[in-house]
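Read through the structure below, which is laid out as structure tokens, and then see the notes.
All values below were derived from every heavy atom in this structure, side-chain atoms included, with hydrogens, water molecules and symmetry-related copies excluded.
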Amino acid sequence: MSSIVTGAAPPRPAMGRFERYLSLWVGLCIVAGIGLGHLLPGLFARVAAAEVARVNLIVAVLIWLMIVPMLLKIDFGALGSVRQHWKGVGVTLFINWAVKPFSMAALGALFIGWLFAPLLPAGEGSSYIAGLILLAAAPCTAMVFVWSNLCDGEPTYTLSQVALNDVIMVFLFAPLVGLLLGVASVTVPWDTLLISVVLYIIVPVVVAQVVRRVVLAQGGEIALDRLLRRLGPVSLVSLLATLVLLFGFQGEAIIAQPLVIGLLAVPILIQVYLNAGLAYWLSRRFGVAWCVAAPAALIGASNFFELAVAAAISLFGLNSGAALATVVGVLVEVPVMLSVVAIVKRSQGWYERGMPADI
């Protein structure tokens with residue numbers, strides 16, 4: 001990976017065994033959550049009751065522990081290097097903000113609202129669609145560093161693109177979700193949505209950047225890398241603990257309708273491959289170097305599922321269809337994105353064939 005002009009490039013994160021088998025751990029959490037929900041219904045009822053302004057306090061703490069360590073990787077000083085890869089940045093911005101949320105809303109309406117409607121629990125279709133919209137409305141900010149590393153992506157582009165997406169998300173997430181939920185005929189609780197944006201985007205970003213600056217000032221990149229290694233497992237464990245809670249409340253519905261998870265996965269899978277392919281193709285058409293096009297496809301396809309889970313819980317509740325839909329996104333994210341990494345790596349020869357020599 002090459003050097004970065006403004007800000008330091010993130011360390012090349014090797015995907016550890018825990019991260020590589022994240023889908024397996026998610027599956028185990030599903031089983032554990034369902035089992036615990038049956039064995040300890042009183043405990044889960046008390047957890048659900050710990051709410052302020054429809055925000056579950058226990059889940060909010062877990063989400064913070066999930067998100068903040070990931071946001072510590074982001075150096076907003078890297079925004080100054082955006083102009084170096086403006087074509088790749090333009091392609092990814094187009095996919096992330098003009099295509100992906102709307103394509104997911106359309107796919108949700110097609111599959112969940114129409115084709116699969118007879119197979120789904122009555123009255124839950126709009127809630128499932130809302131969860132899918134939340135899943136697609138925010139681009140991934142953390143795992144893309146792993147995907148970019150696995151495909152030897154350009155670190156300057158990856159870092160600057162993620163930082164730019166985070167800035168845009170602060171301003172666009174709430175209005176974009178409100179617009180699409182309105183199109184899906186879901187009542188938008190604007191006060192709760194705005195609280196979610198503050199709690200799960202603005203405050204974590206500010207906290208992470210303050211901590212990052214303090215750590216860098218005291219110990220430099222070595223101290224920051226050491227902190228990130230220590231907090232990495234905390235983030236993943238918090239994610240899995242949140243899933244146990246979610247499936248503890250969803251257990252009855254899942255046992256009664258096991259087909260629901262598979263049906264919800266269909267539009268998610270189509271959306272990932274559609275947006276990754278479109279970003280990759282557009283990058284080639286605009287003459288973007290492969291080392292930028294590869295992470296562009298991955299950033300364009302991946303979702304900020306941590307934020308989606310948090311927002312779904314706040315807006316619709318722990319035991320809602322929207323929360324379940326976002327959890328399905330977590331379940332399929334890792335294996336699907338690994339397959340996208342394999343596709344872009346194997347197609348490098350095709351991509352670079354006929355490209356100008358100076359690119």
Side-chain angles (χ1 to χ4, degrees), residues 1-22 25 60-85 89 138-170 198-242 291-292 295 298-299 302 304-307 310 334:
M1 289 178 136
S2 61
S3 61
I4 191 167
V5 174
T6 305
R12 292 179 64 102
M15 179 177 265
R17 181 177 299 176
F18 194 84
E19 293 89 343
R20 188 177 298 276
Y21 294 103
L22 181 58
W25 312 138
V61 171
L62 290 173
I63 297 295
W64 265 54
L65 292 174
M66 230 190 283
I67 295 176
V68 172
M70 297 178 179
L71 292 175
L72 284 171
K73 301 176 183 179
I74 310 300
D75 178 11
F76 286 100
L79 286 174
S81 63
V82 166
R83 61 183 179 276
Q84 296 181 32
H85 306 289
V89 169
C140 185
T141 65
M143 289 297 287
V144 288
F145 289 120
V146 176
W147 313 138
S148 180
N149 173 60
L150 290 177
C151 67
D152 298 319
E154 163 53 51
T156 304
Y157 161 78
T158 302
L159 183 61
S160 58
Q161 180 69 73
V162 170
L164 182 59
N165 274 337
D166 274 5
V167 172
I168 294 173
M169 194 160 29
V170 170
V198 172
L199 277 180
Y200 303 124
I201 301 180
I202 297 177
V203 174
V205 166
V206 172
V207 170
Q209 290 305 300
V210 169
V211 173
R212 179 186 173 90
R213 289 177 180 272
V214 170
V215 172
L216 287 174
Q218 293 179 350
E221 290 289 340
I222 295 176
L224 180 61
D225 293 347
R226 184 165 55 246
L227 177 63
L228 289 174
R229 285 194 298 270
R230 290 176 178 174
L231 292 180
V234 173
S235 180
L236 288 171
V237 170
S238 299
L239 168 64
L240 298 180
T242 303
C291 63
V292 171
L298 296 164
I299 296 173
S302 57
F304 193 175
F305 54 74
E306 299 87 356
L307 174 61
V334 173

Tested for side chain to side chain contact (heavy atoms under 4.5 Å, CB included) against Gln218, the lone hit among Val215, Leu216, Val214 is Val214
Distance col, row Ser148:OG vs Ile299:CD1, nearest 0.5 angstrom, shows 6.5 Å
Minimum side-chain heavy-atom gap Trp64-Val203 below 4.5 Å: yes
Is any side-chain heavy atom of Cys151 closer than 4.5 Å to one of Leu298? yes
His85 NE2 to Cys291 SG distance, which is reported to the nearest 0.5 Å: 7.0 Å
Taking all non-hydrogen atoms of both residues, which atom of Ser302 and which atom of Val144 are closest, and how far apart? OG-CG1, 3.1 Å
Taking the side chain as C-beta and beyond, is there a heavy-atom pair between Val211 and Leu227 under 4.5 Å? yes
Indicate the atoms forming the closest heavy-atom contact of Val89 with Gln161, along with that distance. CA-OE1, 3.1 Å
Kindly compute the distance separating CG (Asp166) from CD1 (Ile202), expressed to the nearest 0.5 Å. 12.0 Å
Nearest 0.5 Å, what's the CG-OG1 distance between Leu65 and Thr242? 8.5 Å
Taking the side chain as every heavy atom from C-beta outward, state whether Tyr157 and Gln84 have any atom pair closer than 4.5 Å. no
Pairwise side-chain contact, Met169 with Val205, heavy-atom cut-off 4.5 Å (strictly under): no
Within this structure, what is the CG-CZ distance for the pair Leu72 and Arg213, rounded to the nearest 0.5 Å? 12.5 Å
State the CZ-CG distance between Arg230 and Asp225, to the nearest 0.5 angstrom. 12.0 Å
